[in-house]
Number of protein chains: 2
Amino acid sequence: MTHTEKGNNISNATIARMPGYLRYLRDAKSAGRDYLSSSTIAKDMAISSVLVRKDLALVSSAPGRPRYGFEVAGLIRDIEKFLGYDNLSAAVVVGAGGLGKAFLGYEGFQNYGLNIIAAFDIRRTEESVRGKPVYPMELLPSFIRENNIKLGIITVPKASAQAVCNALVQSGIRGIWNFANTQLSVPSSVVVKNVDLAASLALLSGELAGLLQQEK
Amino acid sequence: MTHTEKGNNISNATIARMPGYLRYLRDAKSAGRDYLSSSTIAKDMAISSVLVRKDLALVSSAPGRPRYGFEVAGLIRDIEKFLGYDNLSAAVVVGAGGLGKAFLGYEGFQNYGLNIIAAFDIRRTEESVRGKPVYPMELLPSFIRENNIKLGIITVPKASAQAVCNALVQSGIRGIWNFANTQLSVPSSVVVKNVDLAASLALLSGELAGLLQQEK
DNA sequence: ATACAATCGATAAAAAAATATCGAATGTAG
DNA sequence: CTACATTCGATATTTTTTTATCGATTGTAT
């Protein structure tokens, strides 16, 4: 569960904020900002400046300069390195339904170190999506082994998710990004990250309900 | 920020776990389980039983019975009510690209109280997706007003997200589920929930990097 | 009828995360 | 050159979240 070779113990909350910093800093950089103070970042991102300094100190050794703040380029580099985005990792998506195809066609993941190179599906309705191949499931194990893929994305329906997961694991996948609404069981050598869109929706609908309620 | 009319102060962490409970309980119910103990739920969901009891106590007044546990049906009902899923809310998605179309075609959101009834896009490449209409952007304001839509989903590219957001807000939308990787500015009367897929990916890639590192 | 095991619910403790405070550093303006 | 405002970085405090503990309840088996 440690994140770097140094055995640093960085909280999930901090890790989860990192893409936000990265996005913000990249935007700022392309807008011509070379230095940014923690208070500026904090104001723009609506968090506290102390938290910003603490988070950044955990992933970057670049010191902030009084009166100037932090060097944007250095922060970007360090965050990318921390998140492992410097070595783009190839991934496959299993399940070429709506969500799977959306992922296959979305170039934005490249900014986050993810390079989806192929999709697999039982019912192969297309040969490719935006130039990326869709293969039948039978080819999954050999493809993963031959290309040394470490990361798989599951976008199949709940009913077949565990079977797909097993196939991935047996082929040597080490990380799974699971969009099926189900709990997967995997050996401890494999990391699973569940994305629960419903959880996000819950937060929204909860706040919205509270808001509409107040007005009555 | 309160969630119910009673002014209960329920943490985001708890709210975010609710869809997980709901999913689990629905599965259990359809598998014929009528009663479940907190320890059983805890084991299956890989959290602590105390946390389960605490979470459930916050949203449900149904008492657990010693030796039996909790009545599944009652919990489901209370959680759905808490999350506002009992009154299905209509929503529109703006941006009929890959992700937008995926949402439009995905019936699963109905289980979570979300009924997507139409999509809007500048470039209208299809007339409908799985029977749901895709309209040109010009019709957005009138459609929202006439159908009294309260919730909008943004799946357009970053560059046009704020403009879409403004259009939604001016038409009377009160909640926005934002999948564009950008910070939206809205009046305080509108709730925004950002879904940052990259943040989820960060957690996975971070853990994966740590794991692969250890083995070297 | 009685002992027992499973379970809840409440309170206490611990752990984790966020925020506040303050001295030190450093460039800028007068 | 000196006063000053800004900012960092470290430490302390507060708040939030999770986990531990334990008495009370209740159905079941003997």
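Throughout, protein chains are lettered first and strands after them, A, B, ... in sequence-line order, and every chain is numbered starting at 1. Values in this document were obtained by computation on a predicted structure and should not be read as measured data.
Per the geometry, CG belonging to B:Leu75 stands 13 Å off C1' belonging to C:dC8, to the nearest Å. Atom pair A:Tyr68:OH and D:dA5:P shows a separation of 19 Å (rounding to whole Å applied). Nucleotide D:dT15 holds its P atom 20 Å from the CD1 atom of A:Ile47, rounded to whole Å. In this structure, B:Lys54 atom NZ and C:dT11 atom C1' are separated by 10 Å, rounded to whole Å. Rounded to whole Å, the distance from CD1 on B:Ile15 to P on D:dT16 is 14 Å. What separates CD of B:Glu71 from P of C:dC8 is a distance of 14 Å, to the nearest Å. The CG atom of B:Asn12 sits 15 Å away from the P atom of C:dA17 (whole-angstrom rounding). For the pair A:Leu58 CG and D:dC8 P, the interatomic distance rounds to 15 Å; values are reported in whole Å.
The ring of A:Tyr112 has its center no closer than 6.0 angstrom to the ring center of A:Phe109.
Electrostatic pairing of B:Glu71 and B:Lys29 does not count as a salt bridge here, judged by no charged N lying under 4.0 Å from a carboxylate O.
Phosphate contact (OP1/OP2 of C:dT19, side-chain N/O of A:Ser48, threshold under 4.0 Å): present. Close to D:dT25, at under 4.0 Å from its OP1 or OP2, lies no side-chain N or O of B:Arg65. Contact between the side-chain N/O atoms of B:Arg17 and the OP1/OP2 oxygens of D:dT18 is found at a separation under 4.0 Å. A sub-4.0 Å separation between OP1 or OP2 of C:dA29 and a side-chain N or O of A:Arg67 is absent.
Remark: B:Ser37, B:Ser38, B:Ser39 in residues 26-43 of chain B come within less than 4.0 Å of DNA chain C through at least one heavy atom.
A donor-acceptor contact under 3.5 angstrom links the side chains of B:Arg53 and B:Ser38, judged on distance only. With 3.5 Å as the limit, one finds no donor-acceptor pair spanning the side chains of A:Asn166 and A:Gln170.
Taking the side chain of A:Pro66 as heavy atoms from C-beta on, and the options C:dA18, C:dC8, C:dT26, the nearest nucleotide is C:dT26. Listed nucleotides: C:dA18, C:dT21, C:dG9. Nearest to the side chain of B:Arg53: C:dG9. If you check C:dT19, C:dA10, D:dT19 against the side chain of B:Leu51, the one that comes closest is D:dT19. Among D:dA20, C:dA17, C:dT26, the nucleotide with an atom closest to any side-chain atom of A:Ser11 is C:dA17.
In terms of position on DNA chain C, the residue among A:Ala13 and B:Pro63 whose nearest nucleotide sits closer to the 5' end is B:Pro63.
Shown here is A:Ile122, whose CD1 atom has no more than 12 heavy atoms of other residues, nucleotides or ligands within 6.0 Å.
In this structure the side chain of A:Trp177 never reaches within 4.5 angstrom of the side chain of A:Val191, judged on heavy atoms.
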Q: Go through the steps for B:Asp27 and B:Arg33 under the test salt bridge (Lys or Arg N to Asp or Glu O under 4.0 Å), then give the verdict.
A: CA-CA 9 Å; B:Asp27 285 351; B:Arg33 306 295 306 266; over 6 Å; no
